[in-house]
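Reading through the structure tokens given below for one structure.
Just so it is clear, the values below take in all heavy atoms, side chains as well, and ignore hydrogens, waters and symmetry mates.
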Amino acid sequence: MDDLQTQQQPHSGDLQPFIAELIRKLLAAWLIAVTIEYILLPEELRSLEGLEGLAQMSLPRLVALMAVFTWIFYALKRFFDTTLLERWCLPAAFLVLSCMALSASFSWAFFSVCALVELGLILYAACGWDSMPEPAPAAGKSRPLFAWLAAGLAVAFFLLVSAWTVGRVMSFSAPTYDFGIFSQMFHHMKESGLPMTTVERDGLLSHFAVHVSPIYYLMLPFYCLVPRPETLQVLQAAVMASAVVPMWLIGKRHGLPDVQRLLLCAVLLLYPAFAGGAGYDIHENCFLTPLILWLLYGIDTKDLLLTGVAGFLTLTVKEDAAVYVAVIALWLIVKTLPRLHRDTMLEFLTGAILLLASLCWFFGVTTYLAESGDGVMTYRYQNFMYDGSSSLLTVVKAVLLSPMKAIWECVDSEKLQYIALTMVPLLGLPLITRRYERYVLLIPYILVNLMSDYQYQHDIFFQYNFGSLACLMYLTAVNLADLKQDLRRVCVLAVATAVSLGCFWVNIVPKAVSYTQRASKYYDYYEGIRQKLQTIPEDASVAATTFYTTYLSQRDVLYDVRYASKEHVLEAEYVVLAVSETNSFKKYGGFEGLVRVLEASGYEMVDMIGNVMVIFQRTT
């Protein structure tokens with residue numbers, strides 16, 4: 001089957017083959033131009049480890065070369081059909097490019113990925129792109145028993161994550177950054193409706209000056225019922241578990257029988273990076289998995305209301321959540337553009353509107369953060385900032401100029417374990433398809449988790465996995481649905497479930513259980529600390545070391561001793577210190593140094609627990 005060549009369909013117009021052909025020619029021209037641009041570099045600048053080579057490349061020259069080769073392809077078309085030439089130019093150009101890159105910067109991981117990409121391009125050149133419209137799936141049989149089993153798995157997941165994260169709070173293992181911040185923010189939201197904190201940036205400011213996350217207001221009514229830090233952890237677990245609902249519906253929409261849907265939901269809940277995302281306490285990102293799955297389900301069912309609501313709510317998660325909406329919109333555009341006609345026009349327009357809305361939101365919010373807030377955290381992509389700027393557009397330019405640099409950064413040695421823990425449980429299913437437009441949905445995984453050199457973005461125990469894993473799970477479902485035999489699908493899902501369970505048992509269970517065991521085993525010890533902290537009046541200002549701020553966060557003024565200025569520490573009515581947190585006392589010359597400062601400033605010790613905790617109160 002040909003790649004982007006339009007199939008004969010009702011209502012097709014002359015625009016369809018033109019668009020399909022243009023896309024293919026532009027891709028071939030771009031890869032040829034990239035190869036030439038890399039060849040033009042002096043040999044000593046071809047290394048992918050630094051940014052010197054990127055700095056010597058020219059985006060205008062790349063665009064000019066693309067224009068030249070696109071024109072050449074169209075000129076040759078006057079003499080013969082250039083389809084095969086254009087398709088085979090892709091693996092040919094990439095082979096030259098990868099050989100040169102490997103000779104300059106070799107690693108076995110880099111070699112393996114280059115080989116996989118080359119194989120994929122060869123298969124595309126030989127077999128083409130499956131651009132036929134996806135057939136309407138037959139509705140899978142639905143038996144209430146399996147829906148209840150899926151709900152039972154979700155409840156078990158909810159209980160595990162709740163016990164894990166509440167155990168962190170009960171054992172004083174949830175630090176200021178980031179849980180103490182959110183706990184105090186919700187206290188202010190309850191009292192004034194505003195997301196204010198004092199602990200985040202050593203002074204009263206809106207958390208939305210750091211990250212714009214109005215989605216948190218959906219949790220506020222539940223928090224007001226039980227205004228405690230533990231409530232936030234339980235709410236996060238509930239939001240995460242709710243992702244089973246759209247996952248089940250996506251499986252049904254694509255014709256997976258209920259047994260297969262149950263296994264698919266099990267894979268989601270056992271996916272190490274899903275539960276692991278809660279490992280550093282609540283974050284707004286937890287909303288991304290269910291919301292993105294609802295967005296994709298809305299697109300699948302052509303439900304404009306659901307698509308709009310899910311898209312809007314996804315944007316309100318965080319400023320960078322616009323990336324996920326934009327990528328999904330781009331996928332929808334690429335999916336419909338080559339076969340654009342009256343029947344697909346609504347999908348195309350939906351994608352265009354989502355893309356426009358996400359870009360407007362992203363640039364609007366990031367402009368606000370840059371001008372009125374705390375700035376955009378572009379430092380996480382310093383490994384691509386070749387022009388000395390701090391603009392995310394530089395990352396886009398870097399990838400256009402040197403896709404090999406992007407691949408090299410994605411397979412850095414510290415990311416290999418992350419790749420294994422995120423791809424092996426899915427048996428690589430997100431990568432196995434001839435509907436190449438689906439690869440667009442891999443962009444969040446590559447951009448957010450693999451390209452950045454910020455270590456936490458490729459760690460399964462942090463919150464940066466939620467958005468990309470939604471796309472990976474969707475790709476798993478739809479690529480699995482393309483397998484025609486039910487038995488084959490069941491076998492694949494059974495193996496994926498077993499592998500996910502093994503990874504979950506090894507990586508998640510020990511960490512989750514350790515906090516609950518610690519909170520239970522040493523309950524009396526931690527209860528003693530809580531009773532001492534309860535003696536501090538709720539309306540008093542407090543400066544505390546990092547693992548006490550969460551418990552003390554239900555107050556208007558709170559500072560972290562390590563990050564607060566000396567002036568703010570000495571303004572607090574109470575100072576609470578964990579003696580063992582030596583990093584908090586470095587700027588005072590150690591614990592004894594801080595004690596001397598406090599005593600000289602009119603503080604006296606009013607309570608203590610051995611050599612564990614001391615509480616000072618300002619008396620003058």
Side-chain angles (χ1 to χ4, degrees), residues 150-191 195 197 207 213-247 265 268-271 273-291 293 313 317-318 461-463 465-466 469 504 508-509 511-520 523 526-527 530 533 547-554:
L153 290 175
V155 170
F157 176 87
F158 164 75
L159 293 174
L160 174 70
V161 173
S162 294
W164 174 8
T165 53
V166 169
R168 281 176 58 85
V169 176
M170 298 297 288
S171 61
F172 290 92
S173 302
T176 300
Y177 292 91
D178 299 328
F179 191 55
I181 294 170
F182 297 131
S183 187
Q184 193 199 22
M185 180 189 76
F186 268 88
H187 165 75
H188 277 279
M189 288 167 67
K190 172 179 170 288
E191 297 298 320
T197 73
H207 173 67
S213 304
I215 194 73
Y216 272 132
Y217 281 98
L218 294 183
M219 289 182 168
L220 184 57
F222 303 98
Y223 174 82
C224 288
L225 296 175
V226 187
R228 295 172 55 87
E230 295 91 331
T231 302
L232 299 176
Q233 303 283 49
V234 174
L235 288 173
Q236 174 175 242
V239 169
M240 293 169 65
S242 73
V244 164
V245 179
M247 191 78 262
C265 291
L268 168 64
L269 296 173
L270 293 171
Y271 192 66
F274 187 38
Y280 204 55
D281 310 305
I282 189 176
H283 285 83
E284 64 283 325
N285 302 58
C286 69
F287 283 96
L288 287 174
T289 304
L291 286 177
L293 289 174
L313 289 176
V317 171
K318 203 175 182 180
F461 291 107
F462 286 82
Q463 67 275 11
N465 310 299
F466 288 120
L469 79 83
F504 187 87
I508 302 301
V509 172
K511 186 178 286 285
V513 170
S514 67
Y515 288 103
T516 55
Q517 287 180 335
R518 188 186 309 169
S520 176
Y523 177 82
Y526 293 126
E527 183 62 19
R530 284 189 285 270
L533 295 178
F547 288 106
Y548 292 147
T549 57
T550 291
Y551 191 83
L552 294 165
S553 60
Q554 310 303 291

pair L218-V239: side-chain heavy atoms closer than 4.5 Å: no
Heavy-atom side-chain contact between L269 and V244 under 4.5 Å: yes
Minimum heavy-atom distance P229-F179, with the two atoms named: O-CZ, 3.2 Å
Inter-residue atom distance I215.CD1 - L291.CG, 0.5 Å rounding: 5.5 Å
Contacts of type ring pair (Phe, Tyr, Trp, His ring centres under 6.0 Å), residue F222, not counting sequence neighbours: none
Student check: side-chain heavy atoms of V166 and V234 closer than 4.5 Å: yes
Side chains of W164 and I508 in contact at under 4.5 Å (non-hydrogen atoms): yes
Expected output: side-chain S213 to main-chain V317 donor-acceptor under 3.5 Å: yes
Under 3.5 Å donor-acceptor, T165 side chain and V161 backbone: yes
Within residues 221-235 or reaching into it, pairs that qualify as salt bridge (charged side-chain N to carboxylate O under 4.0 Å, His left out) - sequence neighbours excluded: R228-E230
Partners passing ring pair (Phe, Tyr, Trp, His ring centres under 6.0 Å) against Y223 (at least two apart in sequence or in another chain): F186
Centroid-centroid distance, F462 to H283, less than 6.0 Å: no
Under the side-chain contact (heavy atoms from CB on, under 4.5 Å) test, residues paired with A273 that sit two or more places apart: Y271, T422, I460, N465
Rounded distance [0.5 Å steps], NZ in K511 versus CZ in F461: 5.0 Å
Minimum-distance pair of heavy atoms, taken over all atoms of C224 and K190: SG-CG, 4.0 Å
Nearest heavy-atom neighbours spanning L160 and A512: CD1-CB, 4.2 Å
Residues which pass side-chain contact (heavy atoms from CB on, under 4.5 Å) with A519, listed by chain and number, not counting sequence neighbours: M170, S171
Pair F182-Y216, ring pair (Phe, Tyr, Trp, His ring centres under 6.0 Å): steps then yes or no: CA-CA 10 Å; F182 297 131; Y216 272 132; 5.4 Å; yes
Sequence-distant partners of E191, salt bridge (Lys or Arg N to Asp or Glu O under 4.0 Å), two or more places apart: none
CG on L288 to CZ on F466, rounded to 0.5 Å: 8.5 Å
Pairs flagged by salt bridge (charged side-chain N to carboxylate O under 4.0 Å, His left out) wherever residues 160-187 is involved - sequence neighbours left out: R168-D281
Flag side-chain contact, heavy atom, 4.5 Å: M247 against P290: no
Side chain to side chain, Q184 and L552, heavy atoms closer than 4.5 Å: no
Y548: side chain to side chain donor-acceptor pair (under 3.5 Å) partners, not counting sequence neighbours: none
Exercise: identify the closest heavy-atom pair between M189 and P195: CG-CA, 3.7 Å
Distance (rounded to the nearest 0.5 Å) between E284 CD and K318 NZ: 4.5 Å
With Q236 via side chain to side chain donor-acceptor pair (under 3.5 Å) - residues at least two apart: none
Partner set under ring pair (Phe, Tyr, Trp, His ring centres under 6.0 Å) for F274, not counting sequence neighbours: F157
Min side-chain heavy-atom separation S162-Q233 under 4.5 Å: no
Any F158 side-chain heavy atom under 4.5 Å of M240 side chain: no
Donor-acceptor pair, side chain of S520 and main chain of Q517, under 3.5 angstrom: no
Salt bridge (charged side-chain N to carboxylate O under 4.0 Å, His left out) partners of residues 155-167, not counting sequence neighbours, each pair once: none
Distance (rounded to the nearest 0.5 Å) between I282 CD1 and L232 CG: 5.0 Å
Euclidean distance, S173 OG relative to Y526 OH, rounded to 0.5 Å: 5.5 Å
Steps toward side chain to side chain contact (heavy atoms under 4.5 Å, CB included) verdict (F287, M219): CA-CA 11 Å; F287 283 96; M219 289 182 168; 3.6 Å; yes
Under 3.5 Å donor-acceptor, S553 side chain and T550 backbone: yes
Set of residues satisfying side chain to side chain donor-acceptor pair (under 3.5 Å) with respect to T176, sequence neighbours excluded: T546, T549, D560
